[in-house]
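Input: a single structure, listed below in structure tokens.
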Amino acid sequence: QVQLVESGGGLVQAGGSLRLSCAASGLTFSSYAMGWFRRTPGKEREFVAVITWSGYGTQYADSVKGRFSISRDNGDNTVFLQMNSLKIEDTGVYFCAAAPSSAKFVDPKLRQDIDYWGQGTQVTVSS
């Protein structure tokens with residue numbers, strides 16, 4: 001069966017960096033857009049970033065543009081989220097997801113149709 005396993009979360013001071021990884025198995029990884037969502041305290045799950053199957057296209061939430069970078073390794077079935085200049089408001093649980101189209105990540109009306117989700121990894125940014 002399909003598994004998405006996130007890792008790399010942890011506790012970091014504001015201004016610091018973390019790199020999240022998501023290892024995928026049970027699917028044709030190179031056929032899927034991959035992305036990240038997060039659930040922050042008091043908020044609904046929100047889109048963070050997505051990368052197309054080829055890796056040539058990326059999109060980011062306005063709140064993370066210029067600070068976060070998404071990338072993928074199709075040979076290793078892994079997607080990454082490099083998070084720099086972390087802020088306290090970045091604290092939350094970060095989820096990896098897979099879908100055939102990147103539109104499912106960006107369009108809120110399509111997110112319910114995202115095919116696969118990971119279990120999440122906690123990121124805590126302290127002052």
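Residue numbers run from 1 in the order of the sequence given. This structure is a prediction, so every number in the text was calculated from the model and none was measured.
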query: Nearest 0.5 Å, what's the CD-CZ distance between Gln122 and Arg39?
result: 11.0 Å
query: Do Ser17 and Asn84 have a side chain donor and acceptor closer than 3.5 Å?
result: yes
query: To the nearest 0.5 Å, how far apart are NZ in Lys104 and NZ in Lys109?
result: 14.5 Å
query: Can you name the residues that form a salt bridge (Lys or Arg N to Asp or Glu O under 4.0 Å) with Asp113, not counting sequence neighbours?
result: none
field: 4.5 Å side-chain heavy-atom contact, Lys87 and Val125
entry: no
query: Any side-chain heavy-atom pair from Thr40 and Thr91 closer than 4.5 angstrom?
result: no
For residues 58-67, dump all side-chain donor-acceptor pairs below 3.5 Å to protein atoms at least two apart in sequence or in another chain.
from	atom 1	to	atom 2	distance (Å)
Tyr60	OH	Ile70	N	2.9
Asp62	OD1	Lys65	NZ	3.1
Ser63	OG	Arg38	NH2	3.4
Arg67	NH1	Ser85	O	3.0
Arg67	NH1	Asp90	OD2	2.7
Arg67	NH2	Ser63	O	2.8
Arg67	NH2	Asp90	OD1	3.0
Arg67	NH2	Asp90	OD2	3.4

- prompt: Between Ser101 (side chain) and Ala103 (backbone), is there a donor-acceptor pair under 3.5 Å?
  reply: yes
query: Of all heavy-atom pairs between Ala97 and Ile114, which one has the smallest distance, and what is that distance?
result: CB-CG2, 3.8 Å
- request: Determine, step by step, whether Ile88 and Ser126 satisfy the side-chain contact (heavy atoms from CB on, under 4.5 Å) criterion, reporting the C-alpha distance in whole Å, the side-chain angles of both residues, the deciding distance to 0.1 Å, and the verdict.
  value: CA-CA 6 Å; Ile88 292 174; Ser126 65; over 6 Å; no
query: Do Met83 and Leu81 come within less than 4.5 Å of each other through their side chains, counting heavy atoms only?
result: yes
message: Does Gln119 have more than 12 heavy atoms from other residues, nucleotides or ligands lying within 6.0 Å of its CD?
response: no
query: Distance-only, no hydrogens or angles: does the Thr78 side chain make a donor-acceptor pair with backbone N or O of Asp76 under 3.5 Å?
result: yes
message: Would Arg72 and Trp53 count as a cation-pi pair here, with the cationic atom under 6.0 angstrom from the ring centre and within 45° of the axis?
response: no
task: Would you kindly confirm whether Leu20 and Phe68 end up in one hydrophobic cluster when ILVMFWY residues are joined by side chain heavy atoms under 4.5 Å apart?
output: yes
task: Give a yes or no on whether Tyr116 and Phe29 share a hydrophobic cluster (residues Ile, Leu, Val, Met, Phe, Trp, Tyr; joining criterion: side-chain heavy atoms under 4.5 Å apart).
output: yes
- prompt: Closest heavy-atom contact between Ile51 and Ser71?
  reply: CD1-CA, 3.7 Å
message: Testing the basics here: between Val2 and Gly26, what is the closest heavy-atom pair and its distance to 0.1 Å?
response: CG2-O, 3.4 Å
message: Using side-chain heavy atoms (C-beta onward) and a distance below 4.5 Å, is Cys22 in contact with Trp36?
response: yes
Linked, directly or transitively: Phe95 and Val123 (ILVMFWY side chains, under 4.5 Å): no
task: Check whether any side-chain heavy atom of Val12 sits under 4.5 Å from a side-chain heavy atom of Thr124, and report yes or no.
output: no
task: Looking only at non-hydrogen atoms, find the nearest pair between Ala98 and Leu27 and report the distance.
output: CB-CD1, 4.1 Å
field: 4.5 Å side-chain heavy-atom contact, Tyr94 and Glu6
entry: no
query: Which heavy-atom pair separates Ser102 from Ala33 by the least distance, and what is that distance?
result: N-CB, 3.6 Å
- prompt: Are the side chains of Met34 and Phe80 in touch, meaning some heavy atoms are under 4.5 Å apart?
  reply: no
- prompt: Using the ring of each side chain (for Trp, its six-membered ring), is Phe37 parallel, tilted or perpendicular to Phe105, with breaks at 30° and 60°?
  reply: parallel
- prompt: Is any side-chain heavy atom of Asp115 closer than 4.5 Å to a side-chain heavy atom of Pro100?
  reply: yes
- line: Minimal heavy-atom distance between Asn74 and Ser30, with the atoms involved, is ND2-CB, 3.8 Å
